[in-house]
Student: 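Sharing a structure below in structure tokens format, with a few things to ask.
Bear in mind that the values here come from a model prediction, so they are computed numbers and not experimental data.
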Amino acid sequence: MGTVFGNKGTDFRLEARHQKLQGLGGLEGVFGLQLDNTRFAAVGNEAFVPFTRNQQRALFAYEELPTSFGRLSLGGRVESAQVQSLGADGAPRFAPASRRFTPRSVAAGLLINLTPAWKLTGNVAASERAPRDYELFSNGAHIATAAYELGNAALQKEKSTNVDLGVSWQPPGSAHKFGLNAYVNRFRNYIGLDATGNNRGANGELNPLDANGDGVADGSGEDILPEFAFSAARARFAGLEATGTIRLLQGKDVVDVDLRADIVRARNTATGQPIARIAPLRLGAKLSWAQGPWSAFAGFDYNASQERVPAFTRVTTGYTLVNLGASYQLKLPLVTLLWFAKVDNLTDKLAYSATSVLTTTAINADGVQKAPLPGRSVRVGLQASF
């Protein structure tokens, strides 16, 4: 309300694929160039980032080498990035500034066919990322996150080393399949948005007086917001992901059970504190049925409680969401029509997301959270594919 956000940009990408190099074992791949130029402006009371300009120039290459046991891959990317603050009309807190970065990233991968059914994969990467404009220059009340956000113009490139290993199983011609993947990512300077424990008035005053505790600054009459600041820290992420499909019935009727699970642990290795807004243990299952043009499913998604949170961040309780759906597909000569109906959160469960900043910031005067996940919803629709 009362604020205009504008974003204008151009993107150019050129790719070239070379022929297989038989002298190098059939090596094939692509290389290319990418150019990006964007300008962002916010005019009004909700402008928490200055007018900015982002320019990026990148060269990249990706190569694959087929082998007797599987496949080798190698990729690389080098960028030249410039992030500029152009200031903002009538907002002296936004000073003109400019930062330049040269991120470089390389990655290598390996696929091994152990048997016709079993595959083993491994990947290692060293990645760099230039900070975004809001990570560098934000300074204001961000109404969408119900927080006063502070950028850090001294941030350096985000650097990480990443290793993952995976194993998958699917017999030839079978619908049964299983996959398990494990990964560890180490960051030299993970850029995150964290609560500082301070409060700000909408005009930027630090820890304004609120004698009656109504969430409004006594002096300015503006809402009081928790202060969040961008910073960089050493961090470690480690996780497991698993998926599987079991075919219960094959014939006129097809019945499958899809299973999935994932868990991640992330912490600041300098302080030992957990990283904010990390998903908890998640489990899911879906029973699906299909017969000709008809299909239907029933499933659930379980999220465990998330108690591994840093200071000034809210713990979230666990929840289970139940979903149902059905569809009918009609194939015509020029178009395919899909009628569908879907019910999300069938039990109308009250739940809060551990990965949303609003779970911590959107709190009313009585301390009750104001931003739950959607309740029960019903959608009926028609999709046409040409």
Side-chain angles (χ1 to χ4, degrees), residues 164 166-171 174-183 237-266 274-309 313-329 338-360 362 368-383:
D164 72 75
V167 61
S168 63
W169 171 82
Q170 184 174 15
S174 172
H176 301 304
K177 57 184 178 180
F178 168 79
L180 178 66
N181 192 69
Y183 62 89
F237 286 63
L240 288 170
E241 301 168 335
T243 60
T245 296
I246 303 172
R247 176 144 295 178
L248 301 179
L249 189 62
Q250 175 73 55
K252 181 180 179 182
D253 296 278
V254 176
V255 179
D256 287 335
V257 173
D258 296 313
L259 305 171
R260 58 193 177 278
D262 66 82
I263 186 172
V264 60
R265 292 287 184 261
I275 299 295
R277 296 178 300 282
I278 298 299
L281 168 68
R282 298 182 294 189
L283 304 173
K286 182 174 73 171
L287 178 67
S288 59
W289 163 85
Q291 183 190 89
W294 292 96
S295 64
F297 74 88
F300 73 88
D301 294 296
Y302 167 74
N303 284 245
S305 61
Q306 180 55 285
E307 300 178 359
R308 297 171 54 86
V309 297
T313 302
R314 288 213 168 199
V315 168
T316 55
T317 58
Y319 60 87
T320 300
L321 303 182
V322 179
N323 309 305
L324 304 174
S327 65
Y328 176 80
Q329 186 179 71
L338 179 70
W339 284 269
F340 65 88
K342 187 176 182 181
V343 181
D344 292 319
N345 193 0
L346 176 68
T347 62
D348 203 27
K349 178 68 175 179
L350 180 64
Y352 295 89
S353 171
T355 62
S356 172
V357 67
L358 291 171
T359 297
T360 293
V368 178
Q369 295 166 297
K370 298 191 296 182
L373 292 170
R376 182 188 301 113
S377 65
V378 179
R379 288 182 290 162
V380 178
L382 170 63
Q383 176 181 304

Student: Got a second to check how far Thr317's OG1 is from Gln306's CD, nearest 0.5 Å?
Tutor: 11.5 Å
Student: Applying side chain to side chain contact (heavy atoms under 4.5 Å, CB included), can you list everything that pairs with Asp348, at least two apart in sequence or on another chain?
Tutor: Arg376
Student: In Å, rounded to the nearest 0.5 Å, how long is the span from OH of Tyr328 to CG of Leu338?
Tutor: 11.0 Å
Student: If a pair satisfies side chain to side chain donor-acceptor pair (under 3.5 Å) and one of its residues is in residues 274-286, list it, with sequence neighbours excluded.
Tutor: Asp262-Arg282
Student: Mind listing the closest non-hydrogen atom pair of Pro280 and Ala354 along with its distance?
Tutor: CD-CB, 4.0 Å
Student: Run the salt bridge (charged side-chain N to carboxylate O under 4.0 Å, His left out) test against Lys342 and tell me which residues pass, sequence neighbours left out.
Tutor: Asp344
Student: Output all residues satisfying side chain to side chain donor-acceptor pair (under 3.5 Å) with Asn323, sequence neighbours left out; order by chain, then residue number.
Tutor: Asp301
Student: Can you find a heavy atom in the side chain of Leu248 that is under 4.5 Å from one in the side chain of Leu287?
Tutor: yes
Student: Return the set of residues passing ring pair (Phe, Tyr, Trp, His ring centres under 6.0 Å) with Phe300 (not counting sequence neighbours), or none when no residue passes.
Tutor: none
Student: Rounded to the nearest 0.5 Å, how far apart are CD1 of Ile263 and CG of Leu281?
Tutor: 5.0 Å
Student: Could you pull out all residues at least two apart from Ala261 that satisfy side chain to side chain contact (heavy atoms under 4.5 Å, CB included)?
Tutor: Leu283
Student: Between Gln369 (side chain) and Thr359 (backbone), is there a donor-acceptor pair under 3.5 Å?
Tutor: yes
Student: Is the backbone of Leu358 close enough, under 3.5 Å, to the side chain of Ser356 for a donor and an acceptor to pair up by distance?
Tutor: yes
Student: Looking at residues at least two apart in the chain, or sitting in another chain, which of them share a side chain to side chain contact (heavy atoms under 4.5 Å, CB included) with Arg247?
Tutor: Ala175, His176, Gln250, Val254, Asp256
Student: Looking at every heavy atom in both Asn181 and Gly166, which two are closest together, and how far apart are they?
Tutor: OD1-CA, 3.5 Å
Student: Which residues satisfy the side chain to side chain donor-acceptor pair (under 3.5 Å) test with Thr355, sequence neighbours excluded?
Tutor: Ser353
Student: Within this structure, what is the CD-CG distance for the pair Glu241 and Asp164, rounded to the nearest 0.5 Å?
Tutor: 8.5 Å
Student: Residues in side chain to side chain contact (heavy atoms under 4.5 Å, CB included) with Val264, at least two apart?
Tutor: Tyr183, Phe237, Ile278
Student: Rounded to the nearest 0.5 Å, what separation is found between the OG1 atom of Thr347 and the CG atom of Leu321?
Tutor: 7.0 Å
Student: Please identify each residue that fulfils side chain to side chain donor-acceptor pair (under 3.5 Å) with Thr245, with sequence neighbours left out.
Tutor: Asp258
Student: Side chains of residues 290-297: which donor-acceptor partners sit under 3.5 Å, not counting sequence neighbours?
Tutor:
| unit_1 | atom_1 | unit_2 | atom_2 | d |
| --- | --- | --- | --- | --- |
| Gln291 | NE2 | Asp253 | OD1 | 2.8 |
| Gln291 | NE2 | Asp253 | OD2 | 3.4 |
| Ser295 | OG | Ser327 | OG | 2.5 |

Student: Measure the shortest side-chain to side-chain distance between Asn345 and Leu373 over non-hydrogen atoms and say whether it is less than 4.5 angstrom.
Tutor: no
Student: Who pairs with Trp289 by ring pair (Phe, Tyr, Trp, His ring centres under 6.0 Å), at least two apart in sequence or on another chain?
Tutor: none
